[in-house]
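Accompanying notes for the structure given below.
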Amino acid sequence: MYKSKIAGIGANVPENVITNFDLEKLMDTSNEWILERTGIHERRFITQPTGAAELALPACIKAVKNAGINKSDIDLIIVATLTPEHQCPGTSSFLQVLLELPGVPTLDIRVQCSGFIYGLSIADQFIKTGQYKNILLIGVEVQSVGLDLSTEGRDLSVLFGDGAGAAVISRSYNDSAILSTHLFGDGRYAKDLWVEAPVGYQNPRISAKMLEEGKQYPKMNGKHVFKHAIVRFPEVVRTALKANNWTIDDVDIVIPHQANQRIIEAIAKRLELPLEKVYSNIHKYGNTTAASIPLAIYDALNEGKIKNGDNVILAAFGSGFTWASAAVRW
Ligand code: ACO
């Protein structure tokens, strides 16, 4: 058995900054409401039509460079997104073309906010068995064009932003390693955070009536999501601690999916961790779903909050419901 590690990280967000004050012009909301409930100051929205693959490309190039490999060394491309440019095929096919890597296998995964950790786990298994040496893993979302930016959709649309994060997962020859991954799901709650249409079992998959009714927009039972998130996040962190015989004091930093600052604060409180040990950059990007963890790792590294040898726990919870954690020695 081999070991895998996160060998390189890259990020890319659209330049266009949308502040809470910009949203005030589109819907009945306020900077105070958004800040108090979510901790978000601003997020990024694309301006030109930009597909998920296109947004991800610069992040991938940075991650490959940061890993010190050539893109021709990549054995597999995994993309986690809930906002692919087309229903079929997946974003990874379009990204493979942009990366000019014909023949490299492409895999899309659809587990929303937990996508990056699920992808990390898949990459880890392929590397452990020796099948692959370098895997490009991307979390990317182009959420903005799919949001109801009217007052009707305000509970959800103020939360989300666009962005991309990429990681190269490689065979490790030193102490740096992905030590464990744990994945969970409970589809009974699928409709608590979902996008109903297009619907796969009717022709046409979306009708004018459905569009009128706003079925193409994500819908959320916010209170229910919150209630589950603040239980599942600490639980899945504790699962990682137990698997590695760590106590919470062994952890240098927890990088949670950036769902909402109130959820991040609840995680810190329930784990009895000082807030400085639970990384947050949600104030500047909002919730970027599958992109949020690699974007957070990228920023935490640049801010010197993750150093070589650190024990890092990644944790996610989101639509599905799905939740997951990974313990990483940096
Ligand atoms: N601006 C102003 N008012 C708003 C907005 C808004 N953007 N959205 C909702 N309101 C109003 C509501 O209409 C309601 O008004 P009413 O009292 O007249 O009916 C009032 O504010 C309170 O609404 P609640 O839904 O009770 O607000 P709550 O305090 O529950 O906060 C929130 C809503 C922030 C969505 C909260 O439920 C939450 O944090 N949920 C977790 C969901 C989450 O973070 N999801 C992220 C995606 S999933 C993930 O990544 C894990």
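Atom set for the values below is all heavy atoms of this structure, side chains included, hydrogens, waters and symmetry mates excluded. Numbering of ligands and ligand atoms starts at 1, following listing order.
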My understanding is that only one of I293, L314, I264, I282 makes a side-chain contact (heavy atoms from CB on, under 4.5 Å) with H257; could you say which? I293

Which atom of R43 lies closest to which atom of V158, heavy atoms considered: NH2-O, 2.9 Å

Could you note down all residue pairs passing ring pair (Phe, Tyr, Trp, His ring centres under 6.0 Å) where residues 93-149 supplies at least one of them, sequence neighbours left out? H86-F94, F126-Y132

Does a side-chain heavy-atom distance below 4.5 Å link L211 with I206? yes

Do Q143 and T289 meet the criterion of a side-chain donor-acceptor pair at a distance under 3.5 Å? yes

Would you please write out the protein residues whose heavy atoms approach any atom of ligand 1 to under 4.0 angstrom, listed by chain and number? D28, T29, W33, R37, C113, R154, D155, V158, L159, F160, L193, M220, G222, K223, V225, F226, H257, A259, N260, R262, I263, N287, F317, G318

How many angstroms lie between CD in E265 and CZ in R262, if you round to the nearest 0.5 Å? 9.5 Å

